[in-house]
Amino acid sequence: MSKFPADVALVVIDLQPDFMPGGALPCVDGDGIVPGIAALLSQRQYRTVVATQDWHPADHASYASQQPGQLPFETILLHAQPQTLWPDHCVQDTPGAVLHPAVDWTPADLILRKGTRREVDSYSAFRENHGPDGNRPPTGLAGWLHERGIREVHVCGLARDYCVLWSAQDAVKSGFRVKFLWDLTRPVTEANDGMVREALAKAKIAIV
Ligand SMILES: [Zn+2]
């Protein structure tokens with residue numbers, strides 16, 4: 001029996017080994033949230049569960065290795081928008097890109113892969129980052145959730161200051177009530193926590 005009403009969905013963002021300590025692009029204490037998220041799924045607390053998976057081609061444009069003279073964590077303009085450059089991470093079909101093996105993903109209704117196009121990054125589960133035409137193409141997740149009657153989305157996972165934040169903001173713009181499961185997220189950079197709280201407050205997203 002689900003703890004939450006049927007119109008509430010859990011969206012787990014990018015819980016993948018490359019974002020764990022020791023991985024290619026580690027979040028601070030990223031593995032600290034794995035048991036809690038595993039419990040949410042095993043206890044079937046949500047009737048609808050979505051997991052996203054960062055899933056890049058090996059020559060992805062967000063990798064510093066693909067931008068001559070650039071280092072990881074530097075920012076460039078990509079399609080006229082600021083783009084942080086990352087270490088190579090979550091390369092398709094590599095061990096670091098799998099959904100975290102300590103979680104039983106059986107209850108997941110949808111596994112959404114993102115960042116699959118070489119030239120565009122995708123932090124959010126709902127929209128890719130800006131593409132060459134200046135637009136942020138939808139992933140289709142909003143429609144998938146709306147068609148299933150979902151009204152409220154709870155987000156958790158990695159990283160708090162990028163993919164989870166962007167997903168939460170886009171979920172609001174897509175018409176959902178949103179709750180941010182703060183203790184089940186971890187940041188790439190802890191110093192961003194203040195910025196994240198401000199951004200969530202501005203978007204009227206509840207931190208729970
Ligand atoms: Zn990525």
Side-chain angles (χ1 to χ4, degrees), residues 11-31 33-34 37 50-68 70-101 103 105 108 110-132 135-142 155-171 180 184-193 195-196 199:
V11 179
V12 182
I13 304 292
D14 298 2
L15 202 69
Q16 295 166 262
D18 268 353
F19 295 123
M20 300 291 155
L25 176 45
C27 294
V28 179
D29 187 36
D31 40 10
I33 65 174
V34 174
I37 291 174
V50 177
T52 68
Q53 188 173 20
D54 213 29
W55 192 251
H56 300 308
D59 58 352
H60 195 250
S62 77
Y63 295 163
S65 63
Q66 300 301 310
Q67 307 288 346
Q70 303 290 332
L71 294 170
F73 305 104
E74 291 182 340
T75 300
I76 62 164
L77 284 181
L78 184 65
H79 312 309
Q81 297 288 333
Q83 168 74 45
T84 302
L85 295 176
W86 304 111
D88 293 15
H89 66 277
C90 296
V91 178
Q92 294 168 359
D93 289 320
T94 62
V98 300
L99 290 180
H100 200 289
V103 176
W105 295 98
L110 174 69
I111 295 168
L112 179 76
R113 288 173 166 168
K114 61 189 185 61
T116 56
R117 288 199 297 151
R118 191 200 72 80
E119 68 276 16
V120 184
D121 208 358
S122 188
Y123 292 163
S124 166
F126 291 89
R127 285 182 181 274
E128 298 183 73
N129 296 12
H130 292 86
N135 292 322
R136 294 185 56 208
T139 63
L141 179 59
V155 294
C156 63
L158 302 171
R160 174 186 292 160
D161 40 346
Y162 290 96
C163 294
V164 187
L165 172 61
W166 284 47
S167 295
Q169 291 170 319
D170 284 342
F180 196 97
L184 292 179
T185 67
R186 290 292 186 274
V188 172
T189 306
E190 275 185 306
N192 286 338
D193 278 359
M195 174 276 290
V196 174

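Atoms within a ligand are numbered from 1 in the order they appear, just like the ligands themselves.
Among residues at least two apart or in separate chains, there is no salt bridge (Lys or Arg N to Asp or Glu O under 4.0 Å) pair with a member in residues 74-91.
Residues meeting the side-chain hydrogen bond (donor to acceptor under 3.5 Å, both in side chains) test with D121, sequence neighbours left out: Q83. Considering only residues two or more places apart in sequence or on other chains, S124 meets the side-chain hydrogen bond (donor to acceptor under 3.5 Å, both in side chains) condition with D170.
Near-neighbour remark for the Zn ion (ligand 1): protein N, O or S atoms under 2.8 Å are D54 OD2, H56 NE2, H89 NE2; waters not counted.
Inter-residue side-chain proximity for Q92 and T116 is flagged as met; some heavy-atom pair is nearer than 4.5 Å.
Ring orientation note: the planes of H89 and W86 are nearly perpendicular, at an angle over 60° on the 30°/60° scale. Note on ring orientation: taking the six-membered ring where Trp is involved, the planes of Y162 and Y123 are perpendicular (angle over 60°, cut-offs 30° and 60°).
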